[in-house]
Amino acid sequence: MPSRSLGPNPWGRLVQSLVAFLRGLGASRLMAMVAVTTALIGFFAFVIMRVTTPQMTTLFTDLSTEDSSSIIKDLERQAIPFELRNEGAVIMVPKDKVTRLRMKLAESNLPKGGGVGYEIFDKSDALGTTSFVQNINHLRALEGELSRTIRAIDRIQAARVHLVLPERPLFAREAPEPSASIVVRVRGSLEPQQIRAIRHVVASAVNGLKPQRVSIVDEAGRLLADGAGKEADVAVGEERRTAFEKRMRNEVEAIVSSVVGQGRARVQLTADFDYNKVTQTSDKFDPEGRVLRSTQTREESSLTAENNGQVTVNNELPGNQTNTTGPAARDQSKKSEETNNYEISRTTKTEVTEAGRVNRISVAVLVDGAYTKNEKGEMVYQDRSKEQLDRIATLVRSAIGFDQKRGDQVEVVNLRFAEAPAVPPVAEASGLLGMLQFTKDDVMYVIELGVMMLLGLVVLFMVIRPLVKRILAAEVIPALAEPAPILIEGNGPNGELGPNQALIAGTSGAAQLIDVAQVQGQVHAQAVHRVGELAERNPNETASIVRQWLSEPERVT
């Protein structure tokens, strides 16, 4: 079978046909095709780059300038892509590398947290360092470590600690007390127990520092804790009252909600506390309870002889012998004394009442009514009975430890709530969806891909397809507009067409083009424009053609 050849130079013919095709398009169509092709390439390049770009997640947040600079140098050294946000305070890295990077940076002690800790002594030269420099470094290290500890507490983004550790002057009886000031940047607001915890953590880490000497200020300049130490008892009392009210309110709301339904009860509880500290001492004596404490007995006896009251030298000499002619008179006396001591029983009682006694409790409970369905399936509101409200009040009194002598009050009121009953929560996904465990980032990534695919289809079918059809339709017009064979008798000797008859044949073909253009829409305007240009260039021939059409219309078939 003989093969078909394209000629001596098929590639040259192909190039010539391509050049002819481009010239036939015209400048406007060629520019339109170039613009559509460029836009299409750019759009799909953006889609491909967006899809192939790794999903970024947060590596670290709230970084200082020094930590951010050190981390960026490490990431550039490892050739890992990253993004900076919030003026360098947030660093984003690919999601599949975030865990490994955190462990790798932890080996390099990054991030340091914007402060210097005890690592300041790792590279110090102890031989050439004075005691003053050592004390300053110790103070810096202690402040840095406390800042890191405080930042570990929830809701605290950043913290800065200033310590004042005065030295005891010579020949002074009393040493000045140390103090501390803390500036924190928080998300939201700190609770009272968190403020107390910060003060106690700092006080426990510094020798001789009392919690009352620690002052705390937030980034807005609001004083969270006074370091003067005057409001310590009041702050503790207020915190105790708040915690007591919150605990009792939750207990009452839980027991009432179990009866009327979740979210169908509102409880307000107020406790009146006495913050005075009272010390009372009492002594009680029991007269019936006598106890012998001690007994003392004393006896005395004396004997005297009568000498007529004479005082002589002989009588006073020792060993004198007095001749007595008869018995002498004697005087003898005896005395006995006994003393008994008794102790009466006594009871001493000392009572110390700390601040924070409950004087009175007031509770207000608001419950919603019951909702039932009528015959039409509509929700109908119904008030609760007085008996049910009394039972709820009894439960509330038991929950708060109601004491009538103390002046406690409990009020339970039934009113219709403004909002509709709460919709029951949707059950969590189970089965295959529960096993997949899609995170929020995964769902957002899938949604982003879906939106980009949908946008690509819209651009393809709504923009590119109409433009391509329009360009291709402009090329089909000459094929559709080819004139049918027209029989015109020539006036020449051999039947050739004269110049006027050739113009008539051309114009007849143009007329048929106009008819086809009327069917094709856009071709109509182009054909009319060409005929108009032809008439402007050859006005005499055009007039002759029109006269010939009017005089000899039957010649044209």
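Hydrogens, waters and symmetry mates are skipped; everything else that's a heavy atom, side chains included, is used.
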Problem - Sub-4.5 Å side-chain heavy-atom contact between R151 and Q157 - result: no

Handout entry: E177/R213 ion pair, N-O < 4.0 Å
Key = yes

Practice task
Using a cut-off of 6.0 Å, state whether more than 12 heavy atoms not belonging to R360 lie near its atom CZ.
Solution key: no

Problem - Ion pair E219/R185, N-O distance below 4.0 Å - result: no

Exercise for the section: Return yes when atom CZ of R140 has more than 12 non-hydrogen atoms of other residues, nucleotides or ligands closer than 6.0 Å, and no otherwise. Expected result: no

Handout entry: Side-chain heavy-atom pair V93, T58 within 4.5 angstrom cut-off
Key = no

Problem - Main-chain N/O of M56 paired to E83 side chain as donor or acceptor, under 3.5 Å - result: no

Practice task
Check whether any side-chain heavy atom of D368 sits under 4.5 Å from a side-chain heavy atom of V260, and report yes or no.
Solution key: no

Exercise for the section: Answer yes or no: does atom CD of E411 have more than 12 heavy-atom neighbours from other residues, nucleotides or ligands under 6.0 Å? Expected result: no

Exercise for the section: Decide yes or no on side chain to side chain contact (heavy atoms under 4.5 Å, CB included) for K97 and F82, but give the supporting numbers first. Expected result: CA-CA 11 Å; K97 300 180 180 179; F82 62 89; over 6 Å; no

Problem - Crowding at CZ, R187 (>12 non-hydrogen neighbours, <6.0 Å) - result: yes

Handout entry: Q134 and T130, any side-chain heavy atoms less than 4.5 Å apart
Key = no

Handout entry: Contact check, side chains of I198 and I216, non-hydrogen atoms, under 4.5 Å
Key = yes

Exercise for the section: I would like to know whether N374 and M379 meet side chain to side chain contact (heavy atoms under 4.5 Å, CB included); could you show each step before the answer? Expected result: CA-CA 7 Å; N374 56 9; M379 299 295 293; over 6 Å; no

Practice task
Could you check if a side-chain atom of I91 sits within less than 4.5 angstrom of a side-chain atom of S68, using non-hydrogen atoms only?
Solution key: yes

Problem - I80 side chain near L101 side chain, heavy-atom distance below 4.5 Å - result: yes

Practice task
Give a yes or no answer on whether the side chain of D218 reaches the backbone of R222 with a donor-acceptor pair at less than 3.5 Å.
Solution key: yes

Exercise for the section: For the pair N414 (side chain) and V367 (backbone), establish whether a donor and an acceptor sit closer than 3.5 Å, ignoring hydrogens and angles. Expected result: yes

Problem - Heavy-atom side-chain contact between Q194 and R155 under 4.5 Å - result: yes

Exercise for the section: Using only heavy-atom distances, determine whether the side chains of Q78 and D74 contain a donor-acceptor pair under 3.5 Å. Expected result: yes

